[in-house]
Amino acid sequence: MKTSWRSASLVASAAAVLALTTACGQDSPPAASQNVGATAAPGDYGSIGSGTAGAAGGAATGQPAAPSASSPSNPAGKLSVSTAEKVGKVVTDSLGLTLYRFDQDTEQPPKSNCDGDCAKTWPPVPADDAEAGEGIDKALLGSVTRADGTKQLTVGGWPAYRYAKDVNAGDVKGQGVGGKWYALAPDGKKAQGGAEAGAEGGGEAVQAGLSTRNDAKLGEIVVDKNGMTVYRFKKDEAWPKPVSNCSGECLEKWPLVEPVDFADTKGIQKKGYMIFDRTDGKGKQQTINCSPIYTFAGDKAPGDINGQGVGGTWFAVRPDGKLVGASEK
């Protein structure tokens, strides 16, 4: 018996859907799906700090800091070393405000990649009057010329910044923000406490691109290379292919996890581990079991779980990609 072209087409379409389903590790499609490129309503991605506080710190308030505390016009003055709880030794300015470094900058040669709105949140530290105080090696201090012609302080080659939400001496609210901002240690490296430091102390964390940790409240959850909790958005799609429904302002609060080679993971399920191209021009994003994954800007330090349950749509992730504390529907 001959098969019509229509029947053949239907068979081919069904086979293609089945292949995608198998690749993404789903047994059946979700009860309802959203259009590709749809974005979350404002209330769906929540306010920074509106989730559950983690063991390493309480939820952030999300309130803007007093504008004068980290103003670009504030001189650095005599730098010193302070010890911040769960962060370790950090460089502070003459007002006791913590100095930070940005992972997207470079140290050789020194270059700042934080301008515009970024520099409003992370004011560059002027280099002109900075001087080494107790605990600071003068030889590690330098400067870099920014795009606007001003001189910015460098420590160990890394451009130095303050954080607009640090309003009191000793604040370290910028630690770990976006998985890219870290307090400056006296040697110019990232201040990350002693949990992951080398045997001799003071070294930078050596951790897989994605791995797991046991949280006292949530159990085994996925974390990124900086130890920051990884989350999923319930309004995203994994079947028949990954689709992120978080873009624009949402992505500012929930930065996407960029591709991580599976060889650079530890304890993560391989089935459905893939990357996909976003539809908003933000490049590629990593998935676990085909579900897009993110970090949370409201998590300030490794161990924070401030994003858990935000808006009833954001949840930490199990090693197999499942949501922590929520159903998949």
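Ion pairing between Asp171 and Lys165 fails under the 4.0 Å rule for side-chain N and carboxylate O.
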For the pair Val125 and Asp93, evaluate side chain to side chain contact (heavy atoms under 4.5 Å, CB included) and give the outcome as yes or no after the intermediate values. CA-CA 9 Å; Val125 178; Asp93 66 10; 5.8 Å; no
Apply salt bridge (charged side-chain N to carboxylate O under 4.0 Å, His left out) to the pair Glu258 and Lys225, showing each step before the final yes or no. CA-CA 11 Å; Glu258 297 179 349; Lys225 65 180 180 180; over 6 Å; no
Go through it in stages, so that I can follow the logic: the residues are Arg278 and Asp280, the test is salt bridge (charged side-chain N to carboxylate O under 4.0 Å, His left out), and I'd like the CA-CA distance, side-chain angles, deciding distance and then a yes or no. CA-CA 6 Å; Arg278 294 179 56 86; Asp280 58 2; 2.6 Å; yes
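For Tyr163 and Trp181, the ring centers are positioned 6.0 Å apart or more. Taking the centre of each ring, Phe233 and Trp254 stay at or above the 6.0 Å mark.
Two residues are said to be in side-chain contact when any heavy atoms from C-beta on lie closer than 4.5 Å; Thr92 and Leu79 fail this criterion.
Separation of atoms NZ (Lys180) and OG1 (Thr295) is listed at 8.5 Å; rounding is to 0.5 Å. The distance from the CG atom of Asp261 to the CD1 atom of Ile275 is 9.5 Å, given to the nearest 0.5 Å.
Under the 3.5 Å distance criterion, with hydrogens and angles disregarded, no donor-acceptor pair is assigned to the side chains of Thr265 and Tyr273.
Residue pairs meeting the salt bridge (Lys or Arg N to Asp or Glu O under 4.0 Å) criterion with at least one member in residues 149-160, sequence neighbours excluded, do not occur. Applying the disulfide (SG to SG under 2.5 Å) definition to pairs two or more places apart or across chains, none involves residues 133-182. Annotation: disulfide (SG to SG under 2.5 Å) contacts involving residues 85-162, sequence neighbours excluded, comprise Cys114-Cys118.
For Ser143 (side chain) and Leu153 (main-chain N/O), no donor-acceptor pair under 3.5 Å exists by modelled atom type.
Within 6.0 Å of CD in Glu85 there are 12 or fewer heavy atoms belonging to other residues, nucleotides or ligands.
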